[in-house]
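Quick caveat, the model's predicted, so the values are computed rather than measured.
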Amino acid sequence: MKLRFFYLLPVILFLAVILLSSCGKDEESVYYIRFTANGEPVEFNNQLILIAGFGHSGDIYTGTIGGANDVSSNVGLQIHNNAPITEGTYSGYGGAAGVIISYTEKSSGVLFSSGGGPNVDATVVITEMTATSVKGTFHGKLLAAGQPDMTVTNGSFFVRRSN
């Protein structure tokens with residue numbers, strides 16, 4: 001019996017290689033959050049942590065899109081609205097509706113945020129929302145106490161949807 005398995009092993013390995021190579025990696029199945037922060041490229045690509053979730057309490061609807069590569073750096077996009085969150089553009093922050101972008105910079109550990117209030121410069125655009133993923137773009141100005149303002153441009157995301 002052991003001898004037969006020895007002769008079948010190359011055939012099994014050959015079939016496994018063919019099967020795996022035919023299941024090529026689909027570029028759209030790799031999740032990410034990318035942006036430029038003050039001219040420097042930033043990318044989050046930890047597939048286990050890139051996620052979006054949506055819910056509501058009373059008349060307030062909330063969407064959270066976030067990611068991290070490790071414990072020292074993370075990014076979060078929060079959308080608050082008085083109607084269900086769907087594909088569309090969300091910006092500013094006033095009353096109970098708006099957008100908050102936050103980013104903890106890896107090199108300094110400083111948390112930057114667009115914050116709340118009438119002068120918030122933050123926009124999130126959801127371009128595609130399915131039962132399993134969310135895709136879109138974002139940009140804004142982030143602030144941190146005692147730090148120069150951070151400009152976030154060219155933001156894009158494609159993340160797994162949890163609900």
Side-chain angles (χ1 to χ4, degrees), residues 19-144 150-163:
L19 179 64
L20 290 174
S21 65
S22 68
C23 299
K25 196 180 236 185
D26 179 8
E27 286 300 314
E28 286 300 306
S29 68
V30 177
Y31 300 120
Y32 61 85
I33 298 178
R34 299 178 185 127
F35 57 95
T36 303
N38 288 342
E40 295 295 320
V42 178
E43 182 170 355
F44 292 88
N45 52 24
N46 185 323
Q47 301 298 292
L48 298 174
I49 303 175
L50 293 161
I51 195 160
F54 300 89
H56 74 286
S57 177
D59 294 337
I60 303 299
Y61 294 81
T62 303
T64 302
I65 300 162
N69 285 333
D70 53 39
V71 296
S72 65
S73 182
N74 58 66
V75 62
L77 312 172
Q78 297 176 35
I79 302 168
H80 304 277
N81 204 23
N82 38 11
I85 296 168
T86 60
E87 294 172 353
T89 301
Y90 302 89
S91 63
Y93 203 103
V99 171
I100 298 173
I101 300 173
S102 61
Y103 165 54
T104 302
E105 189 178 47
K106 183 172 181 143
S107 62
S108 68
V110 173
L111 171 62
F112 288 84
S113 174
S114 62
N119 298 320
V120 169
D121 176 5
T123 300
V124 175
V125 179
I126 297 177
T127 58
E128 183 180 313
M129 182 185 281
T130 70
T132 59
S133 65
V134 181
K135 189 176 199 176
T137 63
F138 65 97
H139 66 272
K141 183 190 292 186
L142 310 185
L143 314 169
M150 177 180 286
T151 302
V152 170
T153 59
N154 304 317
S156 63
F157 59 88
F158 178 60
V159 298
R160 181 172 34 95
R161 182 175 177 177
S162 67
N163 65 347

In Å and rounded to the nearest 0.5 Å, what is the OH to CD1 distance from Tyr93 to Ile100? 4.5 Å

Distance check, rounded to the nearest 0.5 Å: Lys135 atom NZ versus Tyr31 atom OH? 11.5 Å

Can you confirm whether Ile33 sits close enough to Phe138 that some side-chain heavy atom of one is under 4.5 Å from a side-chain heavy atom of the other? yes

Got a sec, which pairs hit salt bridge (charged side-chain N to carboxylate O under 4.0 Å, His left out) with one end in residues 73-93, sequence neighbours left out? none

Ser108: what forms a side-chain contact (heavy atoms from CB on, under 4.5 Å) with it, not counting sequence neighbours? Glu105, Val110

Name the one of Leu77, Val42, Val152 that satisfies side-chain contact (heavy atoms from CB on, under 4.5 Å) with Tyr103? Val42

Decide yes or no for Val30 and Gln47: does some side-chain heavy atom of the first lie under 4.5 Å from some side-chain heavy atom of the second? yes

Give, for atom CG of Asn74 and atom OG1 of Thr104, the distance between the pair rounded to the nearest 0.5 Å. 4.0 Å

For residues 156-163, run the donor-acceptor check on the side chains, cut-off 3.5 Å, and write out each pair with its distance to 0.1 Å, sequence neighbours left out.
| residue | atom | partner | partner atom | Å |
| --- | --- | --- | --- | --- |
| Arg160 | NH2 | Leu48 | O | 3.2 |
| Arg161 | NE | Asn163 | O | 2.2 |
| Arg161 | NH1 | Thr130 | O | 3.1 |
| Arg161 | NH2 | Asn163 | O | 3.2 |
| Ser162 | OG | Ala52 | O | 3.1 |
| Asn163 | OD1 | Phe54 | N | 2.8 |
| Asn163 | ND2 | Phe54 | O | 2.5 |

Please table the atom pairs, donor to acceptor, closer than 3.5 Å between any side-chain atom in residues 63-72 and protein atoms at least two apart or in another chain.
| residue | atom | partner | partner atom | Å |
| --- | --- | --- | --- | --- |
| Asn69 | OD1 | Asn45 | N | 2.9 |
| Asn69 | OD1 | Asn46 | N | 3.3 |
| Asn69 | ND2 | Glu43 | O | 2.9 |
| Asp70 | OD1 | Ser72 | N | 2.9 |
| Asp70 | OD1 | Ser72 | OG | 2.6 |
| Asp70 | OD1 | Ser73 | N | 3.4 |
| Asp70 | OD2 | Lys106 | NZ | 2.7 |

Applying side-chain contact (heavy atoms from CB on, under 4.5 Å), can you list everything that pairs with Tyr90, at least two apart in sequence or on another chain? Ile79, Asn81, Ile85, Thr86, Val99, Ile126

Ile60 and Ala96 have their tightest heavy-atom pair at CD1-CB, 3.4 Å

Show me, pair by pair, the donor-acceptor contacts under 3.5 angstrom made by side chains of residues 111-123, not counting sequence neighbours?
| residue | atom | partner | partner atom | Å |
| --- | --- | --- | --- | --- |
| Ser113 | OG | Gly115 | N | 3.0 |
| Ser114 | OG | Ile101 | N | 2.9 |

Exercise: identify the closest heavy-atom pair between His139 and Thr153: CB-CA, 4.3 Å

